[in-house]
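Fair warning: this is a prediction, and the values are worked out from it, not measured in the lab.
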Amino acid sequence: LRGARAPVIELALEALPPGRVVIITREEEDARDLHWSHDNAMAPWGFLPLEPQAGRLRVWTDLFEGKTSVMAASAESLMKGSPSPGDLTQLTVFLRVGKKAQREATASGLLRAGYQNVPRVGDWGEFSLHGGILDVFPQGEEYPTRVEFLGDEIASLRTFDHSDQRSRSRRDEIEINPQGLEEGRDPGGILGASVWPLWVDPPAGGPAFVVAQLGGRKPMSRARGQAA
């Protein structure tokens, strides 16, 4: 199998029953390389980094919801654990232009998701209320988002530069992941019992990577368009 990682991985994925798969590598760089080399394949791929937590939560969310079917992760990154799929479902705030959403209910959802109500947003995990406008700085985003309400409906979503308040771009929707969600869940409980080891260019200390499948779990679902 030496020098044949890509073909072997593709054959292994084809041999597995339909479902979500985790490819575990020894080093994080190997997982990143696998992600970049396979992300345009028929099966959408994700990469689980060691840091930051915002990126980790986004990858876990995509995997749990079925947006990606394959995730590459180093052993160290996987052993940090994962958040509970139930916590991600209940605490993620999803907003879309034109949807019904009360400003106060949205603010309450952000508080439950670990966000702080401040006079003016300037960092991740903060939000502020000013009349019919709610500003929120989602974890992991480059810019905060301004949510304009018209009654109980979202009239517009747009990112802005918090340093000068200038608008950057309009958005149709936004998914706000929880802030500071614990990641202590045992990864073995997430993967389930179905694990297929695959040795490719194995070093003396053990396998280069392992292919594992989530143990029969169905993608989690959430009613879209709700404030929380």
Side-chain angles (χ1 to χ4, degrees), residues 5-6 8-9 12-13 19-41 43-93 113-116 123-126 137-144 174-192 194-215 217 219-220:
R5 289 192 176 194
V8 170
I9 291 174
L13 295 179
R20 292 158 295 163
V21 174
V22 177
I23 297 181
I24 310 165
T25 66
R26 178 175 294 277
E27 302 293 340
E28 184 175 28
E29 183 178 355
D30 293 333
R32 184 183 292 108
D33 289 346
L34 284 174
H35 170 251
W36 281 110
S37 62
H38 289 80
D39 195 34
N40 292 325
W45 279 53
F47 162 64
L48 184 69
L50 279 169
E51 299 291 345
Q53 189 194 40
R56 292 177 57 83
L57 288 177
R58 185 174 295 111
V59 173
W60 279 118
T61 300
D62 288 346
L63 190 69
F64 290 146
E65 292 186 342
K67 294 179 182 177
T68 58
S69 57
V70 182
M71 181 179 77
S74 68
E76 182 181 3
S77 181
L78 191 65
M79 289 307 295
K80 290 183 69 173
S82 82
S84 164
D87 287 344
L88 282 174
T89 303
Q90 297 171 14
L91 298 178
T92 297
V93 178
Y115 283 68
Q116 294 183 334
D123 201 357
W124 291 343
E126 297 178 345
F137 208 148
Q139 188 175 189
E141 295 280 346
E142 183 177 4
Y143 297 106
I174 182 173
E175 187 172 285
I176 306 171
N177 287 324
Q179 167 81 5
L181 198 61
E182 290 294 329
E183 286 191 285
R185 187 178 175 88
D186 175 14
I190 292 293
L191 293 177
S194 300
V195 177
W196 288 267
L198 179 64
W199 288 265
V200 177
D201 294 339
F209 58 81
V210 172
V211 175
Q213 188 168 34
L214 298 189
R217 296 175 179 270
M220 68 181 187

**Q** Evaluate E76 against L50 for side-chain contact (heavy atoms from CB on, under 4.5 Å), listing each step before the verdict.
**A** CA-CA 8 Å; E76 182 181 3; L50 279 169; 3.7 Å; yes
**Q** How far apart are the closest heavy atoms of Y115 and P138, and which atoms are they?
**A**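 Y115 and P138 have their closest heavy atoms at OH-CA, 3.5 Å.
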**Q** Mind checking the CZ-CZ spacing from R32 to F47? Nearest 0.5 Å is all I need.
**A**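 If I round to the nearest 0.5 Å, the distance is 4.0 Å.
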**Q** Spell out, as yes or no, whether a donor-acceptor pair under 3.5 Å connects the side chain of E28 to the backbone of S77.
**A** no
**Q** Calculate, to the nearest 0.5 Å, the distance between atoms CD and CG belonging to E27 and D33 respectively.
**A** 11.5 Å
**Q** Counting N and O atoms only, with roles assigned by atom type, does the side chain of W124 sit under 3.5 Å from a partner on the main chain of E141, one being a donor and the other an acceptor?
**A** yes
**Q** Can you list everything that forms a side-chain hydrogen bond (donor to acceptor under 3.5 Å, both in side chains) with S74? Sequence neighbours excluded, please.
**A**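 Applying side-chain hydrogen bond (donor to acceptor under 3.5 Å, both in side chains) to S74 gives none.
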**Q** Keeping the roles fixed (side chain from R56, backbone from L48), state whether a donor-acceptor pair exists under 3.5 Å.
**A** no
**Q** Considering all heavy atoms of both residues, which atom of A72 and which atom of A31 are nearest to each other, and what is their separation?
**A**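 Heavy atoms of A72 and A31 come nearest at CB-O, 3.5 Å.
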**Q** Step by step, work out the side-chain contact (heavy atoms from CB on, under 4.5 Å) result for I176 and T92.
**A** CA-CA 6 Å; I176 306 171; T92 297; 5.8 Å; no
**Q** Between V59 and M71, is there a side-chain heavy-atom distance shorter than 4.5 Å?
**A**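 Contact flag for M71/V59 side chains = yes.
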